[in-house]
Amino acid sequence: MDSLVDRFSRRIDYLRLAVTDRCNLRCIYCMPPEGVPHLDHGEILTYEEIIRFLKVAVRAGISKVRLTGGEPLVRRDVERLVAEISSLRPSLDLSLTTNGTLLASRAEQLASAGLKRVNVSIDSLDPDTYRHLTRGGDLNAVLDGVEAALEAGLHPVKINVVTLKHLNEEVEGFLDLVDRLPVYVRFIEYMSPCGAMDSSYFVSNAEIQARLMRREELQEAEPPPGAGPAKYYRFPGAKGLLGFISPVSSHFCPECNRLRLTADGKMKPCLFSREEVDIKGILRGGKGDEEILDAILCALERKPSDHGGVLSFTRRTMSQIGG
Ligand code: SAM
Ligand code: SF4
């Protein structure tokens with residue numbers, strides 16, 4: 001078997017793998033101020049367990065793996081995991097989503113270990129707003145991380161911006177960033193998870209785009225490889241691109257190609273569904289590759305056609321699922 005196709009004929013080749021539920025920030029749209037209770041270390045999949053699972057998943061048809069969390073760079077020696085995943089199949093599209101706070105000193109090692117590219121979350125280019133949104137984050141450290149990622153060749157560097165009404169709608173600063181650096185800035189519509197903020201903070205990407213177009217003429221751009229659900233635009237002279245990911249105002253479920261594995265080894269067929277398939281139980285229950293494959297197929301079977309209009313989750317926060 002080398003391809004995974006679900007009941008709705010979607011080819012599923014992308015796995016988002018949360019390597020930890022811990023984080024060194026407390027973004028206001030992701031977590032309550034006190035954070036979320038941490039899983040015990042014994043609950044988290046070991047690197048050996050992750051590799052064992054991935055061997056089967058990659059053979060079955062997963063060709064893109066994204067490490068996420070929590071904050072993946074707070075898990076000890078994540079470079080070792082990157083190197084081991086990369087050696088499973090060097091052509092794997094291996095990427096990582098990070099808040100960037102620890103990236104400046106790690107980008108080079110991550111690239112050497114086999115990481116291909118990186119997504120960095122930066123919700124404002126104003127240091128005070130950034131600190132407020134992340135409950136204490138240092139914007140300069142993150143911007144140093146972006147520069148280090150570019151220097152290390154982790155292309156394309158994508159910047160994720162979750163927009164929130166009245167809090168960080170002043171997004172024009174990102175036009176200057178894209179003008180100056182070859183990065184892809186993507187505006188992401190806020191989805192209201194449990195324990196964080198309510199949906200009154202939602203601002204549509206149509207509003208964000210209109211705001212940007214008052215200053216620059218945006219022209220539709222060819223989506224870069226691995227663009228996922230984003231729509232891309234460029235403006236004259238800019239080194240980078242602007243993208244819009246609109247999970248709330250537009251429906252990209254028909255193109256969904258993802259499965260998710262949580263840090264405690266549960267496979268989620270859809271970000272919003274309550275369904276989970278217990279991979280850890282199989283890995284720790286002395287079962288073989290056949291059973292691991294069956295569990296992946298079981299998650300595939302349970303993948304819904306769409307989220308049925310439900311855009312909030314009731315069991316886990318984003319940091320526990322991996323976004
Ligand atoms: N800590 C890393 C980071 O912040 O990039 C990786 C994990 S984070 C859960 C993954 C992505 O989910 C980030 O880009 C973050 O902005 C996004 N995210 C978290 N909560 C969200 C929400 N309520 N709505 C939309 N995106 C969200
Ligand atoms: Fe941490 Fe990422 Fe959630 Fe922010 S979005 S609290 S950085 S996991």
Side-chain angles (χ1 to χ4, degrees), residues 16-36 38-39 65-75 78 95-103 106 110 117-124 130-139 141-142 145-146 149 154 157-165 167-168 171 174 183-205 208 228-230 243-249 252 258 260-263 268 271-272 307 310-314 316-323:
R16 292 181 68 98
L17 183 78
V19 296
T20 179
D21 62 327
R22 295 177 187 231
C23 188
N24 55 347
L25 295 181
R26 296 272 178 279
C27 300
I28 60 173
Y29 53 77
C30 181
M31 283 194 196
E34 66 280 12
V36 286
H38 287 157
L39 293 164
V65 175
R66 173 172 298 281
L67 304 184
T68 173
E71 172 48 42
L73 297 186
V74 303
R75 179 142 180 199
V78 83
S95 59
L96 178 139
T97 296
T98 173
N99 62 34
T101 50
L102 304 172
L103 188 57
R106 310 276 290 278
L110 287 162
R117 54 201 180 84
V118 77
N119 288 8
V120 185
S121 300
I122 310 180
D123 301 315
S124 175
Y130 179 82
R131 196 174 310 110
H132 173 67
L133 294 173
T134 54
R135 296 196 181 99
D138 172 10
L139 178 64
V142 181
V146 170
L154 291 169
V157 174
K158 297 181 184 169
I159 313 276
N160 290 343
V161 187
V162 175
T163 45
L164 298 162
K165 195 113 201 144
L167 291 178
N168 65 344
V171 288
F174 288 100
V183 295
Y184 301 172
V185 170
R186 295 115 46 89
F187 298 100
I188 303 176
E189 286 177 343
Y190 164 64
M191 299 172 273
S192 50
C194 67
M197 303 152 71
D198 65 46
S199 56
S200 65
Y201 290 93
F202 173 76
V203 49
S204 75
N205 263 341
I208 296 295
F244 297 89
I245 302 181
S246 315
V248 181
S249 64
F252 41 67
R258 302 165 179 209
R260 292 176 161 81
L261 188 64
T262 63
K268 287 190 76 75
L271 178 58
F272 301 105
H307 50 61
V310 179
L311 280 161
S312 61
F313 356 106
T314 47
R316 292 175 185 261
T317 62
M318 277 293 217
S319 64
Q320 292 167 320
I321 305 175

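Predicted, not measured: the structure shown is a model, and the values here were computed from it. Both counts, for ligands and for their atoms, begin at 1 and track the order of listing.
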Within 4.0 Å of some non-hydrogen atom of Gly69, the atoms of ligand 1 are 7 (C), 9 (C)
message: With nothing but distance in play, are any N or O atoms of Pro72 less than 3.5 Å from an N or O of ligand 1?
response: no
Ligand 1 atoms nearer than 4.0 angstrom to some heavy atom of Thr98 are 2 (C), 3 (C), 5 (O)
To the nearest 0.5 Å, atom CG of Leu67 lies from atom CG of Asn119 at 11.5 Å
Go through it in stages, so that I can follow the logic: the residues are Arg66 and Arg117, the test is side chain to side chain contact (heavy atoms under 4.5 Å, CB included), and I'd like the CA-CA distance, side-chain angles, deciding distance and then a yes or no.
CA-CA 9 Å; Arg66 173 172 298 281; Arg117 54 201 180 84; 3.5 Å; yes
Only residue of Leu73, Asn99, Val36 satisfying side-chain contact (heavy atoms from CB on, under 4.5 Å) with Cys23 is Asn99
One finds that the ligand 1 atoms under 4.0 Å from a non-hydrogen atom of Glu189 are 25 (C)
Can you tell me if Arg75 uses its side chain to pair, donor with acceptor, with the backbone of Val19 under 3.5 Å? yes
Applying salt bridge (charged side-chain N to carboxylate O under 4.0 Å, His left out) to Arg135 and not counting sequence neighbours gives none
Going through the distances and angles, do Glu71 and Asn24 end up as a side chain to side chain donor-acceptor pair (under 3.5 Å)? CA-CA 7 Å; Glu71 172 48 42; Asn24 55 347; over 6 Å; no
Taken by chain and residue number, the protein N/O/S atoms under 2.8 Å from atom 1 (Fe) of ligand 2 read Cys23 SG
In ligand 1, the atoms that come under 4.0 Å of a heavy atom of Glu71 are 1 (N), 2 (C)
Those residues at least two apart in sequence (or on a different chain) that pass salt bridge (charged side-chain N to carboxylate O under 4.0 Å, His left out) with Arg106 are Glu79
Please determine if Tyr190 has a nitrogen or oxygen closer than 3.5 Å to a nitrogen or oxygen of ligand 1. no
The side-chain contact (heavy atoms from CB on, under 4.5 Å) partners of Thr163 (sequence neighbours excluded) come to Val161, Asn168, Val171, Phe187, Val203, Ile208
Which of Ile122, Leu103, Leu154 passes side-chain contact (heavy atoms from CB on, under 4.5 Å) with Val146? It is Ile122
I'd like to know whether OH of Tyr201 has more than 12 heavy-atom contacts from other residues, nucleotides or ligands below 6.0 angstrom.
no
> Can an N or O of Asp123 be found at a distance shorter than 3.5 Å from an N or O of ligand 1?
Replying inline: no
| Gly70 near ligand 1 by a heavy-atom separation under 4.0 Å | yes
Point to revise | Within-4.5 Å side-chain heavy-atom neighbours: Leu167 and His132 | key: yes
In ligand 1, the atoms that come under 4.0 Å of a heavy atom of Thr68 are 6 (C), 7 (C)
One finds that the ligand 1 atoms under 4.0 Å from a non-hydrogen atom of Asn99 are 2 (C), 3 (C), 5 (O)
